[in-house]
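For reference, the structure discussed in these notes is given below.
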Amino acid sequence: MESENTNALVPEEQLNKPVEDTLETTPSAAVEVEEEAEATASAVDFSEEEALLAANEIDLGEEDEAEEVEDATPATTDYSNFSKAELVKALETVVRNQSTVGARREIEAIKIAFYKLLRSEIQALKTEFLEKGGLEADFKAPEAPEEQLLKDLVAEYKAAQQARIKEIEAEKEKNYQEKQRILDELKNLSEGAEAHTHTFQEFKNLQNQWKEVGQVPQAHVKDLWDNYHYLVEKFYDYIKINRELRDLDLKKNYEAKMVLCEKAEEFLLDPSPVSSFQKLQKLHEQWREIGPVAKEFKETLWDRFKEVTSKINKRHQEFFESLRDEQKTNLDAKTVLCEKAEELTSTEIKSTKEWNTKSKEIVELQKVWKTIGYAPKKENAKVYQRFREACDKFFTQKRDFYTLLKEQIDANLKLKIEICEKAEALSASEEWKKTTDELINLQKEWKKIGQVSRKHADDIWKRFRTACDTFFNNKSAHFSEIDKSYEENLQKKEALIEEIKAFVAENVENSFEALKDFQRRWAEIGFVPMKAKDRIQSAYREAIDAHFHALKGNEAERKMVKFKSWVDVNSGPKADRKLRTERDKLIGKIRQLESDISVWENNIGFFAKSKNADAMIKEVNNKIRKAKEEIALIEDKINVIDTQLPE
């Protein structure tokens with residue numbers, strides 16, 4: 001007599017749904033399936049990305065960090081409903097406006113809106129052309145005169161920006177020379193033979209002149225300020241007359257710097273790290289221009305201002321690091337999607353079912369892509385172009401497949417007729433195991449062959465199904481006697497449940513051994529009738545769980561024994577999928593716990609600076625310890641599952 005495992009190969013269940021219910025179509029139906037898949041793919045709207053890709057071809061030049069932040073913020077105007085002419089007019093207004101604040105951001109938004117609209121109009125014209133019977137290769141997109149106007153305005157903006165930069169650099173150089181002159185005069189004041197009342201007034205005049213001079217080249221900023229502060233303090237040490245006036249000036253400087261400290265501390269409440277940082281830079285310029293304070297206040301006052309500066313600078317730095325990290329993470333995620341899309345294009349696909357499955361996969365990749373934010377600006381267009389090319393390649397291959405499919409229809413029918421003849425020759429066989437394997441192999445071959453025309457699909461399938469059913473009905477009758485053993489197994493399991501209920505635990509160790517033995521015996525008994533399966537399994541679990549709950553031994557060991565029980569119950573030829581699903585869940589839980597541990601360990605560094613550091617660190621360490629214990633238990637569970645899975 002054959003084993004139950006052999007009987008499990010009977011394909012009545014496998015053949016319950018025709019193998020080719022989703023495969024057998026006529027050539028025209030195959031084309032319809034393709035068009036449906038294409039429509040599904042196009043349902044993912046990439047017009048924004050395509051417009052951005054086209055807009056990036058019109059370069060605005062290099063941008064600095066401030067402009068990078070500006071680009072990350074929305075434009076002040078929603079251009080989505082503008083016509084092409086309105087967009088060009090809006091661009092002209094921005095370009096011709098002398099103010100450059102937000103200009104780059106607005107220009108980028110206008111470019112993207114323009115190309116999104118342009119591509120939409122071209123696609124509509126192409127669709128209309130094809131619907132009228134035109135060939136795709138013959139379609140030519142009409143030129144848009146507004147596009148050249150847009151490019152000319154962008155070029156005008158770039159030229160104006162370059163001219164403005166040159167003017168600014170020239171002005172900075174002029175300012176540098178002027179500040180050098182002021183420094184020379186300050187030096188002369190401090191080295192005079194004797195200070196007079198008018199000397200102090202000359203000093204104040206030079207300070208005012210210094211404040212009025214604009215920016216200088218960045219390379220000279222530090223040296224200029226160092227020299228300026230040195231000469232100002234030297235002058236205060238030098239002057240001997242009108243000390244009352246000097247002390248008053250020092251007091252005013254002190255009060256002015258106190259105000260700057262207070263303003264800087266208010267900036268800590270600003271939710272925008274960029275805004276607070278930019279405003280702080282202006283305070284630093286004012287601080288440098290104010291002048292010295294009395295020596296007894298100098299260090300304390302500066303330390304206060306410096307402390308606030310450090311906090312704001314740290315927030316600003318962390319903001320940009322976070323922004324860059326987020327964009328880098330997005331780039332990594334998009335790169336993975338590119339690799340998956342490219343992997344799909346390199347996969348050999350031989351059936352319409354596979355094409356539909358893979359089409360859904362690539363559409364899912366496209367949907368996931370839409371949920372991911374921007375990558376770094378220099379890489380964003382490149383990674384999208386890579387993804388787009390992989391998707392285009394996939395659907396080109398799909399179209400090629402459907403072209404060849406029409407030629408394969410007749411060949412597929414001939415092959416399936418041959419399979420029917422083989423199945424009919426086996427239908428009367430009584431070599432149950434051998435013939436079962438042969439018929440299952442024929443079924444596998446049937447699935448691999450592919451589509452036949454709808455005209456022959458039902459008839460050829462019924463012929464093959466009839467031959468298979470004839471054999472498996474005969475086999476089912478032969479194995480009907482096996483069902484009697486299932487009733488005996490049911491009685492054995494009911495008796496074992498009563499034995500479990502009557503079991504009295506003496507100690508934890510003996511109890512665990514006894515429970516393991518119960519589990520072993522349960523697994524050895526074998527199958528029961530299907531109608532009693534859930535009831536008897538539930539009763540067994542209730543009985544065995546009652547003993548587990550009563551135990552007061554090691555918690556981890558109890559969990560492990562219960563888990564082994566679950567694995568034993570769910571082991572068998574049909575249980576691989578369930579065990580693998582449980583294994584994947586356990587691995588996912590380990591990754592989550594490892595992530596939590598990483599976060600907690602990182603948090604300990606922050607807690608060390610707080611008032612209640614010891615208590616918080618102790619609590620976090622306790623969490624980490626418990627998480628590591630749980631990871632160890634889960635790893636043991638995975639090892640248990642691995643022993644039950646085939647290699």
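All values reported here derive from a predicted model rather than from experimental measurement.
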Measuring from atom [atom1] of [X] to atom [atom2] of [Y], what distance do you get when rounded to the nearest 0.5 angstrom?
| X | Y | atom1 | atom2 | result |
| --- | --- | --- | --- | --- |
| Leu91 | Ile107 | CG | CD1 | 6.0 Å |
| Lys116 | Leu87 | NZ | CG | 12.0 Å |
| Gln327 | Ser322 | CD | OG | 10.0 Å |
| Lys151 | Lys111 | NZ | NZ | 11.0 Å |
| Leu301 | Met258 | CG | CE | 6.5 Å |
| Lys589 | Glu630 | NZ | CD | 4.0 Å |

Sub-3.5 Å donor-acceptor pair from the side chain of [X] to the main-chain atoms of [Y], do we have one?
| X | Y | value |
| --- | --- | --- |
| Asn330 | Tyr374 | yes |
| Thr329 | Asp325 | yes |
| Ser276 | Pro273 | yes |
| Thr127 | Gln123 | yes |
| Thr357 | Lys353 | yes |
| Glu185 | Arg181 | no |
| Asn175 | Gln215 | yes |

Within the supplied structure, the quantity of interest is the number of heavy atoms (other residues, nucleotides, ligands) at a distance under 6.0 Å from [X] [atom1]; does it exceed 12?
| X | atom1 | result |
| --- | --- | --- |
| Gln218 | CD | no |
| Glu321 | CD | yes |
| Lys311 | NZ | no |
| Asn81 | CG | no |

Taking the six-membered ring for Trp, are Phe387 and Trp369 parallel (under 30°), tilted (30 to 60°) or perpendicular (over 60°)? parallel

Going by an N to O cut-off under 4.0 Å, is there a salt bridge joining [X] and [Y]?
| X | Y | value |
| --- | --- | --- |
| Lys340 | Glu361 | no |
| Arg580 | Asp584 | no |
| Glu178 | Lys174 | no |

How far apart are the C-alpha atoms of Lys158 and Gln161, what are their side-chain angles, what is the distance that settles it, and do they pass the side chain to side chain contact (heavy atoms under 4.5 Å, CB included) test? CA-CA 5 Å; Lys158 288 177 65 176; Gln161 286 294 92; 5.6 Å; no

If we count only N and O atoms by modelled type, under 3.5 Å, do the side chains of Gln209 and Asn205 hold a donor and an acceptor together? no

Please name the pair of heavy atoms, one in [X] and one in [Y], separated by the smallest distance, quoted to 0.1 Å.
| X | Y | answer |
| --- | --- | --- |
| Cys338 | Arg386 | CB-NE, 3.6 Å |
| Val293 | Asn253 | CG1-C, 3.7 Å |
| Gln180 | Tyr176 | NE2-OH, 2.8 Å |
| Lys84 | Ala144 | CE-CB, 4.5 Å |
| Leu153 | Val88 | CD1-O, 3.6 Å |
| Leu280 | Ala264 | CD1-CB, 4.2 Å |

Do the non-hydrogen side-chain atoms of [X] and [Y] ever get within less than 4.5 Å of each other?
| X | Y | value |
| --- | --- | --- |
| Phe305 | His284 | yes |
| Arg104 | Val94 | no |
| Phe82 | Ile110 | no |
| Phe319 | Val274 | yes |
| Glu173 | Glu169 | no |
| Trp302 | Lys257 | no |
| Pro376 | Arg324 | no |

Before you tell me yes or no, could you show the steps for Val259 and Glu255 under side chain to side chain contact (heavy atoms under 4.5 Å, CB included), namely the whole-Å CA-CA distance, both residues' side-chain angles and the distance that decides it to 0.1 Å? CA-CA 6 Å; Val259 170; Glu255 292 172 350; 5.7 Å; no

Suppose we call two aromatic rings close when their centres sit under 6.0 Å apart. Are Trp355 and Phe394 close by that rule? yes

Start with the C-alpha gap between Phe114 and Glu146, add the side-chain angles, then the distance that decides, and say whether side chain to side chain contact (heavy atoms under 4.5 Å, CB included) holds. CA-CA 9 Å; Phe114 180 88; Glu146 297 90 349; 3.7 Å; yes

Given side chain to side chain contact (heavy atoms under 4.5 Å, CB included), test Lys279 with Asp270 step by step and report yes or no. CA-CA 10 Å; Lys279 288 186 285 189; Asp270 189 333; 3.0 Å; yes

Could you check Asn313 against Gln317 for side-chain hydrogen bond (donor to acceptor under 3.5 Å, both in side chains), going step by step and ending with a plain yes or no? CA-CA 6 Å; Asn313 286 344; Gln317 181 182 1; over 6 Å; no

Could you walk me through whether Glu106 and Tyr79 pass side-chain hydrogen bond (donor to acceptor under 3.5 Å, both in side chains), step by step? CA-CA 10 Å; Glu106 297 298 318; Tyr79 298 102; 2.6 Å; yes

So Arg304 and Glu307, salt bridge (charged side-chain N to carboxylate O under 4.0 Å, His left out) or not? Walk me through it. CA-CA 5 Å; Arg304 178 180 175 181; Glu307 182 180 0; over 6 Å; no

Between Thr345 and the options Lys393, Glu389, Lys358, the side-chain contact (heavy atoms from CB on, under 4.5 Å) test singles out Lys393

